[in-house]
Amino acid sequence: MQLTLEFGGGLELLCDSVKIHNINVDPQDGEKQLTMKNLLTWVRTNLIKERPEMFMKGDSVRPGVLVLVNDTDWELSGQLETVLEEKDNVVFISTLHGG
Amino acid sequence: MQLTLEFGGGLELLCDSVKIHNINVDPQDGEKQLTMKNLLTWVRTNLIKERPEMFMKGDSVRPGVLVLVNDTDWELSGQLETVLEEKDNVVFISTLHGG
Amino acid sequence: DLGNSNGLSPDMIYRYSRHLLLPSFGVQGQANLLKSSVLVIGAGGLGSPALLYLAACGVGRIGIVDHDVVELNNLQRQIIHTEAYIGKSKVESAAAACRSINSSTQIVEHKEAFRTSNALEIVSKYDVVVDATDNAPSRYMINDCCVVLGKPLISGAALGLEGQLTVYNYNGGPCYRCLFPTPPPTNACQRCADSGVLGVVPGVIGCLQALEAIKVASLVGEPLSGRMLLLDALSGRIRIVKIRGRSLQCEACGEHPVLTRQTFPDFDYEIFTQTPLSTGPLKLTLL
Amino acid sequence: DLGNSNGLSPDMIYRYSRHLLLPSFGVQGQANLLKSSVLVIGAGGLGSPALLYLAACGVGRIGIVDHDVVELNNLQRQIIHTEAYIGKSKVESAAAACRSINSSTQIVEHKEAFRTSNALEIVSKYDVVVDATDNAPSRYMINDCCVVLGKPLISGAALGLEGQLTVYNYNGGPCYRCLFPTPPPTNACQRCADSGVLGVVPGVIGCLQALEAIKVASLVGEPLSGRMLLLDALSGRIRIVKIRGRSLQCEACGEHPVLTRQTFPDFDYEIFTQTPLSTGPLKLTLL
Ligand SMILES: [Zn+2]
Ligand SMILES: [Zn+2]
């Protein structure tokens, strides 16, 4: 399954300062669907190069990180249970406090 | 075929000041496809309420109007020959000169 | 004709003529603005353009809260301040600039740090609040204060080459805590003072904050509630995304709020976020 | 260490520290800015924020072209001017404001109308041009002059509650004439003076023009070339769309240009667009 992942608000620093990643990831053995929970595991294993605690907490993202699936907050699509589809766009962005 | 049309830069004044129109339009008798040329004819007949010369010139849009099909300049998709697909978004926007 | 012009004086009709000519804004929008009051918390990178446009457009009363003084390294982005004000109060500097472009707008100077001890009293005097601060505890404190008092909050942030903007606590929409119930780890929060910021990025976000405040105060247009604008200046990308609605479990705006007018003054935002409210010294370790 | 700091003085290192701290901008980006020059044509609604941010950020030399004087009805959006300058030259007013926020930037005053007779001479002295004018003939004239001289053009426009922004003639990208080879009918062109504008809309676009000029001048990031930003302030929508590339048939930048350094001074832009270069009197017919 082809997905576009984007990291912003400083999270890109955890993956070699690359903001946009075009990836190919398939459901695990025996699974028919790829959920956000699966994707987070994949991202942590394959993209996060340093300080994983700045990206995840438990099996979800850390506080202060917004997750957007096709420009919509994942709270509106089922959070970790959100089922991904071909060519979906997933954004991970850290909230900023500067001014 | 369902399309979303948007008018901006003052062109909305030609259609009762409504910027976004969700429309349903099908290819003409005998045609299999709906092109931008067909759509322009349909818009002129069905949406433009006044001063059609502010929207069209000949069988295309007047100078100073940008046409975007799915956020891309129609010059890149074949202009009048652009073939529209279900749920396409078409924007007509007049260039602004103010400052 | 004072009837048609909604009480606008001839001078005001001339000054605001470009607004009055707009069919979708017009005399009514301008009259609403002139009757409204906006509080801007922070006279820095975001507050500079926000204050200038709010003063210029005719908001009736503008409050400015800040306890800092102007420093040379602010001037790269804080365009409301001039070199002549280095070492002087940011509020005084910003107030003078606002008055010089519009002497008919009332400017109120709050030369003090925004704290739980003065927040309710200050915010209660205004219709709309603009969060132009630069740290996590202030953002939670301002949000909670706005929720407790029922004030719409125009929230902007900028860091590095990115900016974010949304309107909280507006017309049934979410508040800051609905989105961020738990504070981030402290080492994930950076200020412009620590990490740098391209000066014009808070400029863009601050202007957009003024725009949203004007829409809320004039009752014209659709404010950016339930939506968030994300700016990536380097790549030249802006996206506006749909965010969650109000959360029933929210500790500020939910069904059983922990934060109320009574509990708010005693809530310790520095402990909650494990971050101090005031800025530390600049570390130029990269140079 | 002058070697590492690229010739920046200690004062400059302090003033621009927030830029220097940015890994993707840093000392090299700042050094490029300090060596660059930007011409802003028009010290009005778009020019006001563009000039303030260009001066603040450290562009080495900034030129300002305008022949107008400040009027009270400008102040609703032209935040660089103060009431004290009403009746005085906009260029003098804007130059004074720029100098007051950054005395280390060189400000050049061009107190004259921008015409084919002086355009080549003025533009040839700058690296980047910001079009902050308000009428169709100026937009064609500035475009053609930039194409003839090979200067990137940061083009912004605002009217009513909408704004537009793109970068022309940059790195093989299209010019204004590639998009608009034929001028629009004259009754389709409106100025802010005729039709009104919400003051903060040119504010947002002018800030974004400063951002694009900074990216081009500092050689950092991806300028908005071949793309156009469309702002609808009322609904709070911003889209960035893909526009056509350079046209081989373009009369300015194509394979067989009609406009050259030789023919440009004699081209009559008022006849071409059937629109005068200078603004007519305000019509307050809606009041
Ligand atoms: Zn809430
Ligand atoms: Zn061209």
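Proteins get letters first, then strands, A, B, ... in listed order; numbering begins at 1 in each. Being a predicted model, the structure only gives us computed values, none of them experimental.
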I'd like to know whether B:Lys19 forms a side-chain contact (heavy atoms from CB on, under 4.5 Å) with D:Asp232, so could you lay out the CA-CA distance, the side-chain angles of the two residues, the decisive distance to 0.1 Å, and finally the verdict. CA-CA 10 Å; B:Lys19 288 200 157 181; D:Asp232 183 346; 3.1 Å; yes

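- Near-neighbour residues of residues 50-66 of chain B relative to chain D, defined by a heavy atom under 4.5 Å from a heavy atom of that chain, comprise B:Met54, B:Arg62, B:Pro63, B:Gly64, B:Leu66.
- In B:Gln28, the CD atom is not crowded: 12 or fewer heavy atoms of neighbouring residues, nucleotides or ligands sit closer than 6.0 Å.
- Contact count versus chain D (heavy atoms, under 4.5 Å) is highest, among B:Ile93, B:Leu68, B:Thr95, for B:Thr95.
- Formation of a donor-acceptor pair under 3.5 Å by the D:Arg139 side chain with backbone atoms of B:His97 is found in this model.
- If you measure heavy-atom distances from B:Glu6 to chain D, the contacts under 4.5 Å come from the side chain alone.
- In this structure, chain B has no heavy atom under 4.5 Å from any part of D:Pro181.
- Counting only distance, with no hydrogens or angles, the side chain of D:Gln164 and the backbone of B:Ser94 share a donor-acceptor pair below 3.5 Å.
- With a 4.5 angstrom heavy-atom cutoff, D:Tyr140 does not touch chain B via any of its atoms.
- With chain B as the partner, the residue from D:Thr133, D:Val201, D:Leu161, D:Ile205 showing the most heavy-atom pairs under 4.5 Å is D:Thr133.
- For a residue to count as touching a neighbouring chain, one of its non-hydrogen atoms must lie under 4.5 Å from one of that chain's; by this rule D:Asp131 does not touch chain B.
- If you measure heavy-atom distances from B:Leu14 to chain D, you find no contacts under 4.5 Å at all.
- Within a 6.0 Å radius of CD in B:Glu85, other residues, nucleotides and ligands contribute 12 heavy atoms or fewer.
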